[in-house]
Peer 1: 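Below you'll find the structure I mean.
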Amino acid sequence: MTPRLRVAPSPTGLLHVGTARAALFNWLYARRHGGVFIVRVDDTDRRRSTSEFEEKILEGLRWLGLDWDEGVEVGGPHGEYRQSGRFERYREVGAQLVAKGAAYRCYCSPEELAQRRKEAQRAGRPPGYDGRCRSLDVPEAESVEGSYVVRFAMPRPGVTVFTDMVRGEVRFDHQVIDDFVILRSDGSPTYHLASTVDDVDYGITHVARGEDILPSTPRHIQLTRAMSAPEPVYAHLPLLHGQDGRKLSKRHGATDVGEYRQVGFLPEALFNYLSLLGWSIGPEATIFSPHQAVEAFDLADVSSSPAVFDPVKLEWMNGEYIRNHLSISEFAERARPYAEEFVGAPLADEVWQQAAAVLPLVQERVKLLSEVGPQLAFLLLEEIEYHPKSWRKVMRAQGVDGVLSQAISDLSKVADWRTEPIEQALRGLIAEMGISARKGFQPVRVAVTGSSISPPLFESLAAMGREATLKRLRDARSKLT
RNA sequence: GGCCCCGUCGUCCAGCGGCCUAGGACGCCGGCCUUUCAAGCCGGUAACGCGGGUUCGAAUCCCGUCGGGGCUACCA
């Protein structure tokens, strides 16, 4: 049987990295086993769902390289992949379940429920629904006035036992699971119903999702059985945690995939990093391609303990990808939008080409694409600002005035304005003046780039051009006190 | 509180009864290289939560304990 897997994001927020990781594992498994990967939108919460969030989520998945075979936007044999378009179907299933006695109407009001919950808690009883309306028979229930919800009648007594692909055998006694709502009083389905009906209707064979819904799984299994449908295999993935060991959330920093994109992470790097959270491709490998991951992946190999999301390691990996997995032209192409974002305007081709000379040197110095702008600022901007600390440290030393004057004089004699002649001139300068490279080069660097930290000096000056270089040197000299 | 899940370096993973005086990666520390900063190279730091058992032998199996996390809605 062809494996059919899905990810079912809820468009009540942006694409969370945890959701992305779950999507990734589903995708890997589907690709590994020649299966079908489906993207469905769980938008039963009409109040909080928006199409903007939906778009961002889908965009994020595509950006990460997770393409889907069926689902929203691409369509498929099941037509509708958005739950909001299937409410009739859920109501139909709800009615069928009521008809066969697997579910029942509950007329308890939210106020009554809250009241009884409070009492139960005070008395030390479980706070879940007490099953009051379960004993109403159907004709009796239908004669009752007022609004109602539909609750699933958990088989009692009973136990649900299943074999989770990552955790092994798990069991839940139905005593601790109340008769949960499947249709709200406005007729809309809850997550449990909609998700389960969809999994059944779409023929989902493997449900790989976060461990946070492990406690809901017996409900889904019982619902599936009540529909007389085959059960999928479940795999509950370990949760992503923040540095404090709690479920990853906004207070731990960026959780939205779009933010990572925005600050200049490469999708390849995020893909690689995320796949290492709860899984590994082998004893030694850390960096690997999606293709290699697909070749090796199996849900059964996923670890069962939670993983702390470490932004520092992600950054290291991103640098690794920028340095070693991007050609110079790919790097230039990807970096340009970030440079333009930094400058605040589109860059003229001439300006960008001028920067291209030092781009390979910048490529091995950045961990994020957003760092390119600041590193190239001296080339991209007409006016530079001197980094205060650099100025204080370098330009207030003894003899800087003389160094700059000599540099102006020596450099203006360089006929062939390329890296090697420039280097020759400046090396000649320090030899002549009998000073260290540091003493001789740092003032020039600060004068021209505005900072004591920059791409290598001679190449930078070469890219800068002679006139611009000399102007910067004179400007800086005039600012010495 | 109840139910469920989890427990190897600070972090991510390897380990699936002997190959482990526990391996790799990030981080951190030191060194080399060097025009700054990176990168690179070399070296170092650091863990099987605890207690019982099973076994000739346990990080690996079992039990307990402690610790952490998740769930406990007419959210998903």
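The shown structure was predicted, so the numbers you read here are calculated from the model rather than taken from an experiment. Throughout, protein chains are lettered first and strands after them, A, B, ... in sequence-line order, and every chain is numbered starting at 1.
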Peer 1: Give a yes or no on whether a donor-acceptor pair under 3.5 Å exists between the nucleobase atoms of B/rC74, that is its base, and the side chain of A/Thr190.
Peer 2: no
Peer 1: Should A/Arg48 be listed as having a side-chain N or O under 4.0 Å from OP1 or OP2 of B/rA76?
Peer 2: no
Peer 1: Report the residue (A/Ile281 or A/Asp173) whose heavy-atom-nearest nucleotide on RNA chain B is the more 5′ of the two.
Peer 2: A/Asp173
Peer 1: Please determine, for the side chain of A/Asp42, which listed nucleotide (B/rC74, B/rA76, B/rC6) has the closest atom?
Peer 2: B/rA76
Peer 1: With the side chain of A/Val149 defined as its heavy atoms from C-beta on, choose the nearest nucleotide among B/rC74, B/rU35, B/rA76.
Peer 2: B/rC74
Peer 1: Tell me which one of A/Phe162, A/Tyr191, A/Tyr234 satisfies ring-ring contact (aromatic ring centres under 6.0 Å, His included) with A/His220.
Peer 2: A/Tyr191
Peer 1: Starting the side chain at C-beta, find the nucleotide from B/rC13, B/rA76, B/rA39 nearest to A/Lys367.
Peer 2: B/rA39
Peer 1: Does A/Ser452 offer a backbone N or O that forms a donor-acceptor pair with the side chain of A/Ser390 under 3.5 Å?
Peer 2: yes
Peer 1: Does A/Asp178 pair with A/Arg156 as a salt bridge, N-O distance under 4.0 Å?
Peer 2: no
Peer 1: At under 4.0 Å, does any side-chain N or O of A/Ser216 touch on OP1 or OP2 of B/rA76?
Peer 2: no
Peer 1: Could you work out which one of B/rA76, B/rU11, B/rU36 sits closest to the side chain of A/Arg438?
Peer 2: B/rU36
Peer 1: Between B/rU72 and A/Arg117, is there an OP1 or OP2 to side-chain N/O distance shorter than 4.0 Å?
Peer 2: no
Peer 1: How far apart are the C-alpha atoms of A/Gln424 and A/Arg427, what are their side-chain angles, what is the distance that settles it, and do they pass the side chain to side chain donor-acceptor pair (under 3.5 Å) test?
Peer 2: CA-CA 5 Å; A/Gln424 236 171 43; A/Arg427 291 216 183 271; over 6 Å; no
Peer 1: Please report the distance separating the C1' of B/rC13 from the corresponding atom of B/rG27, rounded so that it comes out in whole Å.
Peer 2: 15 Å
Peer 1: Within the structure, does a side-chain N or O atom of A/Lys247 lie under 4.0 Å from either OP1 or OP2 of B/rC71?
Peer 2: yes
Peer 1: Quick one: does A/Arg365 reach the base of B/rC37 with a side-chain donor-acceptor pair under 3.5 Å?
Peer 2: yes
Peer 1: If each of A/Pro9 and A/Gly282 is mapped to the nucleotide of RNA chain B with the nearest heavy atom, which maps nearer the 5' terminus, i.e. the 5' end?
Peer 2: A/Gly282
Peer 1: Choose from B/rG24, B/rC74, B/rC4 the nucleotide whose nearest atom is closest to any side-chain atom of A/Ser185.
Peer 2: B/rC74
Peer 1: Between A/Phe309 and A/Tyr273, is the ring centre distance below 6.0 Å?
Peer 2: yes
Peer 1: Nearest to the side chain of A/Lys313, heavy atoms from C-beta on, is which of B/rC6, B/rC12, B/rA38?
Peer 2: B/rC12
Peer 1: Of all the choices, B/rG27, B/rG1, B/rC74, which nucleotide is nearest to the side chain of A/Val312 once you look at every atom?
Peer 2: B/rG27
Peer 1: Using the side-chain heavy atoms of A/Glu459, tell me which of these nucleotides is nearest: B/rU35, B/rC12, B/rG27.
Peer 2: B/rU35
Peer 1: Please determine whether a side-chain nitrogen or oxygen atom of A/Arg445 lies at a distance below 4.0 Å from atom OP1 or OP2 of B/rU36.
Peer 2: no
